[in-house]
Amino acid sequence: MQPILQVKNIRKTYDAKNYVLDDIDFTISKGEVVVILGPSGCGKSTFLRCLNRLEEINAGQLILKGEDITYSGNLSQIRQNIGMVFQNYELFPNLTVLENILLAPTVVLKEKKAQATQQALQLLNRVGLEEKAQAYPRQLSGGQKQRVAIVRALIMRPEILLLDEITAALDPEMVREVLQVVLELASEHKTMVIVTHEMAFAQAVANRILFLDKGKVVEEATPDEFFTHPQTLRAQQFLNTFHYDMVNKGEKDNATL
Amino acid sequence: MDSLGISILLKGTYFLQLLKGLSVTIEIAVISMFLSLVFGFIVGILMNSHNKIVQIFFRLYLESVRILPQLVLLYLVYFGAATNFGLNLSGFTAAVIAFTYWGAAEMGDLVRSSLISVDPHQYESAYGLGLKKHQVYRFIIIPQTVKRLIPSVINLFTRMVKTTSLVVLIGVVEVVKVGKQIIDVNRFIDPNSAIWIYGTIFLMYFVICYPFTKLASYLENKVA
(Lines give C-alpha, C1' and ligand atoms only; values in the text may rest on other atoms or scores of the structure.)
Protein backbone atom coordinates (compact mmCIF):
# COMPACT_ATOMS: atom_id res chain seq x y z
CA MET A 1 0.00 0.00 0.00
CA GLN A 2 1.21 3.46 -0.76
CA PRO A 3 2.04 5.66 2.19
CA ILE A 4 0.04 8.87 2.37
CA LEU A 5 1.86 10.50 5.22
CA GLN A 6 5.35 9.78 6.43
CA VAL A 7 6.72 11.23 9.60
CA LYS A 8 10.46 10.92 9.97
CA ASN A 9 12.20 11.31 13.31
CA ILE A 10 10.17 14.28 14.44
CA ARG A 11 11.01 16.03 17.69
CA LYS A 12 9.12 18.73 19.48
CA THR A 13 10.13 20.77 22.50
CA TYR A 14 8.87 23.93 24.13
CA ASP A 15 11.88 24.68 26.30
CA ALA A 16 14.79 23.08 24.38
CA LYS A 17 15.31 20.65 27.28
CA ASN A 18 12.31 18.36 27.59
CA TYR A 19 11.09 16.71 24.44
CA VAL A 20 7.32 16.38 24.16
CA LEU A 21 7.86 14.31 21.04
CA ASP A 22 11.15 12.49 20.91
CA ASP A 23 12.24 10.99 17.64
CA ILE A 24 8.92 9.63 16.35
CA ASP A 25 8.85 7.66 13.12
CA PHE A 26 5.47 6.89 11.64
CA THR A 27 3.90 6.04 8.32
CA ILE A 28 0.24 5.76 7.45
CA SER A 29 -1.07 4.24 4.22
CA LYS A 30 -4.27 4.88 2.35
CA GLY A 31 -7.30 3.41 4.07
CA GLU A 32 -5.48 2.71 7.32
CA VAL A 33 -6.83 3.59 10.75
CA VAL A 34 -4.16 4.16 13.38
CA VAL A 35 -5.14 4.70 17.00
CA ILE A 36 -2.71 6.44 19.32
CA LEU A 37 -2.88 5.49 22.97
CA GLY A 38 -0.94 6.60 25.98
CA PRO A 39 -1.19 8.21 29.39
CA SER A 40 -2.06 11.90 29.76
CA GLY A 41 0.78 14.14 28.83
CA CYS A 42 2.51 11.53 26.69
CA GLY A 43 2.36 13.80 23.65
CA LYS A 44 -0.57 12.23 21.78
CA SER A 45 -2.38 15.49 21.08
CA THR A 46 0.81 17.35 20.32
CA PHE A 47 1.68 14.63 17.84
CA LEU A 48 -1.62 15.07 15.99
CA ARG A 49 -1.27 18.84 16.00
CA CYS A 50 2.18 18.55 14.48
CA LEU A 51 0.82 16.45 11.61
CA ASN A 52 -1.24 19.33 10.17
CA ARG A 53 1.27 21.87 11.45
CA LEU A 54 -0.97 23.55 13.98
CA GLU A 55 2.28 23.20 15.89
CA GLU A 56 5.71 23.33 14.34
CA ILE A 57 8.21 20.55 14.88
CA ASN A 58 11.77 21.25 15.96
CA ALA A 59 13.39 18.46 13.97
CA GLY A 60 12.42 15.78 11.50
CA GLN A 61 10.41 15.61 8.33
CA LEU A 62 6.77 15.46 7.27
CA ILE A 63 6.07 13.96 3.85
CA LEU A 64 2.54 14.11 2.44
CA LYS A 65 1.95 12.05 -0.72
CA GLY A 66 5.66 12.14 -1.54
CA GLU A 67 5.96 15.87 -1.02
CA ASP A 68 8.02 17.32 1.81
CA ILE A 69 5.70 19.66 3.71
CA THR A 70 7.90 20.22 6.76
CA TYR A 71 8.56 23.84 5.85
CA SER A 72 5.96 24.35 3.13
CA GLY A 73 4.47 27.83 3.32
CA ASN A 74 1.07 26.71 2.07
CA LEU A 75 -0.52 25.76 5.37
CA SER A 76 -4.01 26.12 3.93
CA GLN A 77 -3.31 23.40 1.38
CA ILE A 78 -1.86 21.08 4.02
CA ARG A 79 -4.94 21.50 6.17
CA GLN A 80 -7.24 20.83 3.25
CA ASN A 81 -5.49 17.48 2.92
CA ILE A 82 -5.31 16.74 6.62
CA GLY A 83 -8.63 17.45 8.34
CA MET A 84 -9.00 17.62 12.08
CA VAL A 85 -11.75 17.27 14.67
CA PHE A 86 -11.06 18.54 18.18
CA GLN A 87 -12.07 17.52 21.68
CA ASN A 88 -14.19 20.58 22.38
CA TYR A 89 -16.32 20.44 19.21
CA GLU A 90 -15.29 23.91 18.22
CA LEU A 91 -18.21 24.84 16.02
CA PHE A 92 -18.49 28.54 15.24
CA PRO A 93 -21.29 29.87 17.47
CA ASN A 94 -22.05 32.79 15.14
CA LEU A 95 -22.95 30.47 12.25
CA THR A 96 -25.71 27.91 11.74
CA VAL A 97 -24.87 24.23 11.38
CA LEU A 98 -25.09 24.49 7.60
CA GLU A 99 -22.98 27.68 7.50
CA ASN A 100 -20.39 26.02 9.73
CA ILE A 101 -20.10 23.20 7.21
CA LEU A 102 -20.17 25.42 4.11
CA LEU A 103 -17.58 27.94 5.28
CA ALA A 104 -14.46 26.02 4.31
CA PRO A 105 -15.68 24.64 0.96
CA THR A 106 -16.96 28.02 -0.22
CA VAL A 107 -14.16 30.18 1.17
CA VAL A 108 -11.15 27.88 0.89
CA LEU A 109 -12.07 25.64 -2.05
CA LYS A 110 -14.18 28.34 -3.76
CA GLU A 111 -16.94 25.85 -4.51
CA LYS A 112 -20.36 26.96 -5.69
CA LYS A 113 -22.71 27.40 -2.77
CA ALA A 114 -25.56 25.36 -4.24
CA GLN A 115 -23.31 22.42 -4.97
CA ALA A 116 -21.63 22.54 -1.57
CA THR A 117 -25.02 22.81 0.14
CA GLN A 118 -26.19 19.65 -1.57
CA GLN A 119 -23.11 17.78 -0.34
CA ALA A 120 -23.46 19.23 3.13
CA LEU A 121 -27.06 18.06 3.39
CA GLN A 122 -26.11 14.60 2.17
CA LEU A 123 -23.41 14.34 4.81
CA LEU A 124 -25.72 15.69 7.50
CA ASN A 125 -28.27 13.13 6.48
CA ARG A 126 -25.65 10.42 6.89
CA VAL A 127 -25.02 11.39 10.50
CA GLY A 128 -28.75 11.82 11.10
CA LEU A 129 -28.78 15.58 11.51
CA GLU A 130 -30.35 16.86 8.31
CA GLU A 131 -33.17 18.55 10.19
CA LYS A 132 -30.63 20.52 12.27
CA ALA A 133 -29.13 22.31 9.26
CA GLN A 134 -30.60 25.68 10.22
CA ALA A 135 -30.01 25.33 13.97
CA TYR A 136 -27.27 27.16 15.84
CA PRO A 137 -24.59 25.16 17.70
CA ARG A 138 -25.97 26.22 21.11
CA GLN A 139 -29.19 24.38 20.25
CA LEU A 140 -27.39 21.06 19.81
CA SER A 141 -26.27 18.43 22.30
CA GLY A 142 -22.57 17.66 22.65
CA GLY A 143 -22.90 14.51 20.58
CA GLN A 144 -24.73 16.34 17.83
CA LYS A 145 -22.12 19.11 17.79
CA GLN A 146 -19.37 16.58 17.44
CA ARG A 147 -21.12 14.86 14.53
CA VAL A 148 -21.45 18.24 12.83
CA ALA A 149 -17.74 18.85 13.44
CA ILE A 150 -16.98 15.56 11.71
CA VAL A 151 -19.14 16.53 8.73
CA ARG A 152 -17.43 19.92 8.63
CA ALA A 153 -14.06 18.20 8.30
CA LEU A 154 -15.33 15.54 5.85
CA ILE A 155 -16.78 17.96 3.33
CA MET A 156 -13.24 19.11 2.52
CA ARG A 157 -12.53 15.52 1.36
CA PRO A 158 -9.26 15.35 3.29
CA GLU A 159 -6.80 12.57 2.52
CA ILE A 160 -6.41 12.00 6.23
CA LEU A 161 -8.68 12.77 9.14
CA LEU A 162 -7.20 13.46 12.58
CA LEU A 163 -9.52 12.92 15.55
CA ASP A 164 -8.24 14.35 18.82
CA GLU A 165 -10.13 12.79 21.77
CA ILE A 166 -13.41 13.66 20.13
CA THR A 167 -15.53 12.01 22.81
CA ALA A 168 -13.56 13.13 25.87
CA ALA A 169 -15.93 16.01 26.63
CA LEU A 170 -19.14 14.06 26.04
CA ASP A 171 -21.61 12.43 28.38
CA PRO A 172 -21.29 8.64 28.20
CA GLU A 173 -24.57 8.12 26.37
CA MET A 174 -23.48 10.47 23.60
CA VAL A 175 -20.14 8.78 23.06
CA ARG A 176 -21.72 5.93 21.15
CA GLU A 177 -23.51 8.06 18.54
CA VAL A 178 -20.27 9.83 17.67
CA LEU A 179 -18.07 6.74 17.63
CA GLN A 180 -20.64 5.00 15.43
CA VAL A 181 -19.99 7.60 12.75
CA VAL A 182 -16.25 7.00 13.03
CA LEU A 183 -16.71 3.23 12.79
CA GLU A 184 -18.70 3.71 9.58
CA LEU A 185 -15.95 5.91 8.15
CA ALA A 186 -13.42 3.23 9.01
CA SER A 187 -15.47 0.59 7.24
CA GLU A 188 -15.33 2.80 4.14
CA HIS A 189 -11.54 2.86 4.46
CA LYS A 190 -11.19 6.49 5.34
CA THR A 191 -7.61 7.12 6.41
CA MET A 192 -7.63 8.25 10.04
CA VAL A 193 -5.32 8.90 12.95
CA ILE A 194 -7.29 8.75 16.18
CA VAL A 195 -6.39 9.72 19.73
CA THR A 196 -8.87 8.25 22.19
CA HIS A 197 -9.36 6.94 25.70
CA GLU A 198 -12.14 4.55 24.67
CA MET A 199 -10.30 1.23 24.72
CA ALA A 200 -13.12 -0.92 23.32
CA PHE A 201 -13.53 1.52 20.47
CA ALA A 202 -9.78 1.60 19.82
CA GLN A 203 -9.72 -2.17 19.58
CA ALA A 204 -12.68 -2.21 17.19
CA VAL A 205 -11.63 0.56 14.86
CA ALA A 206 -7.84 0.33 14.60
CA ASN A 207 -5.71 -1.45 12.06
CA ARG A 208 -2.72 -0.51 14.14
CA ILE A 209 -2.10 0.81 17.64
CA LEU A 210 0.69 3.19 18.50
CA PHE A 211 1.45 3.38 22.20
CA LEU A 212 3.20 6.56 23.27
CA ASP A 213 4.87 7.36 26.55
CA LYS A 214 7.00 10.38 27.39
CA GLY A 215 7.10 11.44 23.78
CA LYS A 216 8.39 8.14 22.43
CA VAL A 217 6.70 5.29 20.59
CA VAL A 218 6.94 2.51 23.16
CA GLU A 219 4.95 -0.09 21.32
CA GLU A 220 3.45 -0.52 17.89
CA ALA A 221 1.15 -3.47 17.26
CA THR A 222 -2.12 -4.71 15.84
CA PRO A 223 -5.00 -4.13 18.24
CA ASP A 224 -5.36 -7.84 19.03
CA GLU A 225 -1.70 -8.13 19.96
CA PHE A 226 -1.70 -4.94 21.91
CA PHE A 227 -4.77 -5.61 24.01
CA THR A 228 -4.13 -9.29 24.66
CA HIS A 229 -0.34 -9.48 24.83
CA PRO A 230 1.19 -6.08 25.35
CA GLN A 231 4.94 -6.48 25.00
CA THR A 232 6.23 -3.73 27.24
CA LEU A 233 5.77 -3.30 30.95
CA ARG A 234 4.68 0.31 30.41
CA ALA A 235 1.84 -0.77 28.10
CA GLN A 236 0.78 -3.49 30.54
CA GLN A 237 0.61 -0.94 33.34
CA PHE A 238 -1.36 1.42 31.15
CA LEU A 239 -3.91 -1.22 30.19
CA ASN A 240 -4.23 -2.29 33.81
CA THR A 241 -5.53 1.15 34.72
CA PHE A 242 -8.65 0.26 32.75
CA HIS A 243 -9.24 -2.89 34.83
CA TYR A 244 -11.05 -2.95 38.13
CA ASP A 245 -10.84 -5.88 40.48
CA MET A 246 -14.17 -7.22 41.66
CA VAL A 247 -14.89 -6.33 45.24
CA ASN A 248 -16.59 -8.57 47.83
CA LYS A 249 -17.38 -11.35 45.43
CA GLY A 250 -14.69 -13.80 46.35
CA GLU A 251 -13.80 -14.21 42.72
CA LYS A 252 -10.65 -13.55 40.83
CA ASP A 253 -12.30 -12.31 37.67
CA ASN A 254 -11.61 -8.86 36.41
CA ALA A 255 -14.20 -6.53 35.11
CA THR A 256 -13.24 -4.43 32.15
CA LEU A 257 -14.65 -0.99 31.77
CA MET B 1 -45.98 90.55 32.58
CA ASP B 2 -46.36 87.42 34.60
CA SER B 3 -46.58 84.80 31.90
CA LEU B 4 -46.88 81.05 32.34
CA GLY B 5 -43.29 79.75 32.17
CA ILE B 6 -44.02 77.02 29.69
CA SER B 7 -45.15 79.51 27.04
CA ILE B 8 -41.51 80.37 26.41
CA LEU B 9 -41.27 77.14 24.38
CA LEU B 10 -44.11 78.22 22.12
CA LYS B 11 -42.69 81.68 21.57
CA GLY B 12 -41.37 82.34 18.08
CA THR B 13 -39.06 79.63 16.79
CA TYR B 14 -37.42 78.83 20.11
CA PHE B 15 -38.32 75.17 20.11
CA LEU B 16 -37.14 74.79 16.53
CA GLN B 17 -33.88 76.52 17.45
CA LEU B 18 -33.40 74.09 20.31
CA LEU B 19 -33.92 71.20 17.89
CA LYS B 20 -31.34 72.73 15.58
CA GLY B 21 -28.91 72.93 18.48
CA LEU B 22 -29.69 69.31 19.24
CA SER B 23 -28.83 68.35 15.68
CA VAL B 24 -25.34 69.85 16.16
CA THR B 25 -24.99 67.79 19.33
CA ILE B 26 -26.03 64.63 17.52
CA GLU B 27 -23.85 65.39 14.52
CA ILE B 28 -20.72 65.74 16.66
CA ALA B 29 -21.56 62.57 18.58
CA VAL B 30 -22.38 60.47 15.51
CA ILE B 31 -19.35 61.54 13.46
CA SER B 32 -17.00 61.07 16.44
CA MET B 33 -18.54 57.70 17.24
CA PHE B 34 -18.24 56.49 13.66
CA LEU B 35 -14.57 57.49 13.52
CA SER B 36 -14.00 55.98 16.99
CA LEU B 37 -15.42 52.67 15.74
CA VAL B 38 -13.12 52.58 12.73
CA PHE B 39 -9.96 53.62 14.58
CA GLY B 40 -10.98 51.70 17.69
CA PHE B 41 -10.91 48.40 15.79
CA ILE B 42 -7.42 49.14 14.51
CA VAL B 43 -6.25 50.26 17.97
CA GLY B 44 -7.83 47.16 19.56
CA ILE B 45 -6.09 44.76 17.18
CA LEU B 46 -2.77 46.58 17.65
CA MET B 47 -3.18 46.52 21.44
CA ASN B 48 -3.07 42.71 21.21
CA SER B 49 0.14 42.88 19.20
CA HIS B 50 3.03 40.79 20.48
CA ASN B 51 5.40 43.68 19.89
CA LYS B 52 6.33 45.18 23.28
CA ILE B 53 6.89 48.69 21.93
CA VAL B 54 3.49 48.75 20.22
CA GLN B 55 1.88 47.45 23.42
CA ILE B 56 3.50 50.13 25.59
CA PHE B 57 2.65 52.87 23.11
CA PHE B 58 -1.06 52.02 23.11
CA ARG B 59 -1.09 51.45 26.85
CA LEU B 60 0.20 55.00 27.35
CA TYR B 61 -2.32 56.32 24.84
CA LEU B 62 -5.22 54.69 26.67
CA GLU B 63 -4.05 55.71 30.15
CA SER B 64 -3.39 59.31 29.12
CA VAL B 65 -6.86 59.60 27.62
CA ARG B 66 -8.42 58.15 30.76
CA ILE B 67 -6.57 60.52 33.05
CA LEU B 68 -7.32 63.64 31.00
CA PRO B 69 -10.69 65.32 31.56
CA GLN B 70 -12.47 65.68 28.22
CA LEU B 71 -12.59 69.45 28.66
CA VAL B 72 -8.79 69.64 28.88
CA LEU B 73 -8.56 67.50 25.78
CA LEU B 74 -10.92 69.85 23.96
CA TYR B 75 -8.85 72.89 24.99
CA LEU B 76 -5.65 71.12 23.99
CA VAL B 77 -6.94 70.46 20.50
CA TYR B 78 -8.74 73.76 19.99
CA PHE B 79 -6.28 76.23 21.51
CA GLY B 80 -3.18 74.07 21.30
CA ALA B 81 -3.51 73.57 17.57
CA ALA B 82 -4.07 77.26 16.99
CA THR B 83 -1.16 78.53 19.07
CA ASN B 84 1.42 75.85 18.31
CA PHE B 85 0.69 74.84 14.74
CA GLY B 86 -1.16 77.90 13.52
CA LEU B 87 -4.15 75.70 12.73
CA ASN B 88 -7.41 77.55 13.00
CA LEU B 89 -9.74 74.65 13.57
CA SER B 90 -13.42 75.36 13.80
CA GLY B 91 -14.90 74.46 17.16
CA PHE B 92 -16.84 71.71 15.45
CA THR B 93 -13.74 70.10 13.89
CA ALA B 94 -11.78 70.42 17.13
CA ALA B 95 -14.63 68.75 18.98
CA VAL B 96 -14.74 65.85 16.52
CA ILE B 97 -10.96 65.39 16.75
CA ALA B 98 -10.97 65.46 20.56
CA PHE B 99 -13.91 63.08 20.87
CA THR B 100 -12.46 60.70 18.30
CA TYR B 101 -9.12 60.70 20.09
CA TRP B 102 -10.93 59.83 23.29
CA GLY B 103 -13.42 57.41 21.69
CA ALA B 104 -10.83 55.46 19.71
CA ALA B 105 -8.87 54.78 22.91
CA GLU B 106 -11.94 53.59 24.84
CA MET B 107 -13.22 51.66 21.84
CA GLY B 108 -9.78 50.13 21.31
CA ASP B 109 -9.75 48.81 24.85
CA LEU B 110 -13.22 47.32 24.37
CA VAL B 111 -12.15 45.65 21.13
CA ARG B 112 -8.95 44.39 22.75
CA SER B 113 -10.76 42.72 25.61
CA SER B 114 -13.48 41.22 23.43
CA LEU B 115 -10.85 39.83 21.06
CA ILE B 116 -9.09 38.01 23.87
CA SER B 117 -12.42 36.76 25.20
CA VAL B 118 -12.94 34.73 22.02
CA ASP B 119 -12.03 31.12 22.84
CA PRO B 120 -8.56 30.35 21.42
CA HIS B 121 -9.95 27.06 20.10
CA GLN B 122 -12.01 29.10 17.65
CA TYR B 123 -8.84 30.26 15.92
CA GLU B 124 -7.48 26.73 15.90
CA SER B 125 -10.49 25.03 14.45
CA ALA B 126 -10.74 27.74 11.77
CA TYR B 127 -7.06 27.37 10.87
CA GLY B 128 -7.55 23.60 10.96
CA LEU B 129 -10.09 23.92 8.14
CA GLY B 130 -7.53 25.65 5.96
CA LEU B 131 -8.76 29.21 6.42
CA LYS B 132 -6.20 31.98 6.12
CA LYS B 133 -5.65 34.57 8.83
CA HIS B 134 -7.75 37.35 7.26
CA GLN B 135 -10.56 34.85 6.57
CA VAL B 136 -10.48 33.65 10.17
CA TYR B 137 -10.90 37.23 11.38
CA ARG B 138 -13.53 38.12 8.81
CA PHE B 139 -15.82 35.12 9.17
CA ILE B 140 -15.21 33.91 12.72
CA ILE B 141 -13.51 36.32 15.10
CA ILE B 142 -14.90 39.74 14.16
CA PRO B 143 -18.56 38.61 14.00
CA GLN B 144 -18.23 37.09 17.47
CA THR B 145 -16.46 40.20 18.75
CA VAL B 146 -19.06 42.58 17.34
CA LYS B 147 -21.85 40.77 19.11
CA ARG B 148 -20.10 41.09 22.45
CA LEU B 149 -19.22 44.72 21.79
CA ILE B 150 -22.71 46.07 21.07
CA PRO B 151 -23.72 46.82 24.69
CA SER B 152 -20.50 48.58 25.67
CA VAL B 153 -20.34 50.49 22.39
CA ILE B 154 -23.81 51.85 23.04
CA ASN B 155 -22.76 52.91 26.53
CA LEU B 156 -19.78 54.71 25.07
CA PHE B 157 -22.05 56.40 22.54
CA THR B 158 -24.44 57.75 25.17
CA ARG B 159 -21.49 59.02 27.20
CA MET B 160 -20.29 60.80 24.09
CA VAL B 161 -23.70 62.37 23.47
CA LYS B 162 -23.70 63.75 27.02
CA THR B 163 -20.11 64.97 26.88
CA THR B 164 -20.86 67.07 23.79
CA SER B 165 -22.37 69.61 26.20
CA LEU B 166 -18.77 70.69 26.87
CA VAL B 167 -18.18 71.93 23.33
CA VAL B 168 -20.02 75.14 24.15
CA LEU B 169 -16.79 76.11 25.90
CA ILE B 170 -14.90 76.18 22.62
CA GLY B 171 -17.57 78.20 20.93
CA VAL B 172 -19.73 75.58 19.29
CA VAL B 173 -23.40 76.43 19.40
CA GLU B 174 -25.14 73.23 20.31
CA VAL B 175 -28.33 72.57 22.21
CA VAL B 176 -27.20 73.75 25.66
CA LYS B 177 -25.77 76.96 24.19
CA VAL B 178 -28.97 77.66 22.26
CA GLY B 179 -30.93 77.20 25.46
CA LYS B 180 -28.66 79.60 27.31
CA GLN B 181 -29.11 82.21 24.57
CA ILE B 182 -32.89 81.90 24.73
CA ILE B 183 -32.82 82.31 28.50
CA ASP B 184 -30.53 85.34 28.28
CA VAL B 185 -32.71 87.09 25.72
CA ASN B 186 -35.79 86.58 27.88
CA ARG B 187 -34.14 87.32 31.22
CA PHE B 188 -36.36 90.34 31.96
CA ILE B 189 -39.51 89.35 30.17
CA ASP B 190 -39.67 85.82 31.47
CA PRO B 191 -37.34 85.21 34.42
CA ASN B 192 -38.65 81.65 35.04
CA SER B 193 -37.72 80.36 31.62
CA ALA B 194 -34.56 78.55 32.77
CA ILE B 195 -36.38 75.61 34.29
CA TRP B 196 -38.48 75.15 31.15
CA ILE B 197 -35.63 75.44 28.70
CA TYR B 198 -33.22 73.24 30.61
CA GLY B 199 -36.08 70.89 31.39
CA THR B 200 -36.74 70.55 27.69
CA ILE B 201 -33.04 69.94 27.03
CA PHE B 202 -33.07 67.30 29.74
CA LEU B 203 -35.96 65.58 27.97
CA MET B 204 -34.16 65.83 24.65
CA TYR B 205 -31.06 64.08 26.01
CA PHE B 206 -33.33 61.54 27.63
CA VAL B 207 -35.17 60.83 24.39
CA ILE B 208 -31.88 60.22 22.58
CA CYS B 209 -30.03 58.26 25.25
CA TYR B 210 -32.75 56.24 26.95
CA PRO B 211 -33.66 54.04 23.98
CA PHE B 212 -29.96 53.28 23.57
CA THR B 213 -29.40 52.27 27.19
CA LYS B 214 -32.57 50.16 26.95
CA LEU B 215 -31.26 48.53 23.80
CA ALA B 216 -27.89 47.96 25.49
CA SER B 217 -29.38 46.12 28.45
CA TYR B 218 -31.65 44.13 26.14
CA LEU B 219 -28.70 43.05 24.01
CA GLU B 220 -26.62 42.37 27.11
CA ASN B 221 -29.21 39.85 28.28
CA LYS B 222 -29.55 38.37 24.84
CA VAL B 223 -25.84 37.82 24.30
CA ALA B 224 -25.22 36.47 27.79
Side-chain angles (χ1 to χ4, degrees), chain A residues 45 48-49 51-56 73-96 99-111 136-138 145-146 148-164 166 169, chain B residues 37-38 40-42 44-45 48-52 107-108 110-155 215-224:
Chain A
S45 285
L48 277 198
R49 297 157 56 82
L51 296 184
N52 68 350
R53 289 192 46 203
L54 273 179
E55 299 210 23
E56 297 293 354
N74 197 344
L75 291 174
S76 178
Q77 174 115 48
I78 294 170
R79 289 162 189 167
Q80 287 166 43
N81 281 308
I82 308 180
M84 187 158 186
V85 182
F86 300 83
Q87 177 178 339
N88 294 309
Y89 33 85
E90 289 301 334
L91 298 181
F92 307 124
N94 55 315
L95 303 177
T96 64
E99 288 166 345
N100 260 280
I101 299 167
L102 291 182
L103 184 65
T106 53
V107 170
V108 180
L109 300 179
K110 311 259 184 263
E111 280 180 16
Y136 279 90
R138 63 174 176 276
K145 284 184 206 175
Q146 204 54 296
V148 172
I150 294 172
V151 168
R152 189 174 68 173
L154 278 181
I155 199 165
M156 298 296 279
R157 294 180 295 277
E159 295 280 347
I160 305 176
L161 197 56
L162 310 176
L163 307 180
D164 188 7
I166 58 167
Chain B
L37 278 173
V38 175
F41 256 96
I42 300 169
I45 291 171
N48 279 338
S49 152
H50 294 297
N51 186 329
K52 269 271 174 288
M107 187 65 208
L110 296 173
V111 171
R112 180 196 61 80
S113 63
S114 67
L115 279 178
I116 53 176
S117 75
V118 173
D119 189 335
H121 292 114
Q122 290 282 309
Y123 292 87
E124 261 186 7
S125 72
Y127 285 128
L129 287 169
L131 271 72
K132 298 200 167 78
K133 192 167 182 173
H134 69 273
Q135 295 167 333
V136 175
Y137 272 89
R138 180 171 155 206
F139 295 106
I140 310 301
I141 307 303
I142 305 253
Q144 289 182 40
T145 312
V146 165
K147 213 172 158 192
R148 274 166 229 222
L149 273 176
I150 293 169
S152 32
V153 166
I154 289 172
N155 284 333
L215 183 67
S217 59
Y218 166 75
L219 290 169
E220 221 154 356
N221 290 331
K222 210 179 158 200
V223 173

Smallest separation among heavy atoms of A:Glu90 and B:Ser125, with atom names: O-OG, 3.1 Å

Gap separating the CG atom of B:Asp119 from the CZ atom of A:Phe92, nearest 0.5 angstrom: 11.0 Å

Smallest separation among heavy atoms of B:Gln144 and A:Pro93, with atom names: NE2-CD, 3.4 Å

Side-chain heavy-atom pair B:His121, A:Phe86 within 4.5 angstrom cut-off: no

Side chain / backbone / both / neither for A:Leu103 at chain B, heavy atoms under 4.5 Å: side chain

Interface moiety of A:Leu109 toward chain B, non-hydrogen atoms closer than 4.5 Å: neither

Spacing of CD belonging to A:Gln80 relative to CG belonging to B:Leu129, to within rounding of 0.5 Å: 10.0 Å

Proximity breakdown for A:Val107 and chain B, heavy-atom pairs closer than 4.5 Å: both

Nearest atoms (heavy-atom pairs only) where A:Ser76 meets B:Gly130: OG-O, 2.5 Å

Residue B:Glu124 versus chain A: region with a heavy atom under 4.5 Å: both

Which atoms of A:Arg49 approach chain B - backbone, side chain, both or neither, heavy atom under 4.5 Å: side chain

Whether A:Asn94 side chain and B:Phe139 backbone form a donor-acceptor pair below 3.5 Å: yes

B:Tyr127 side chain near A:Leu75 side chain, heavy-atom distance below 4.5 Å: no

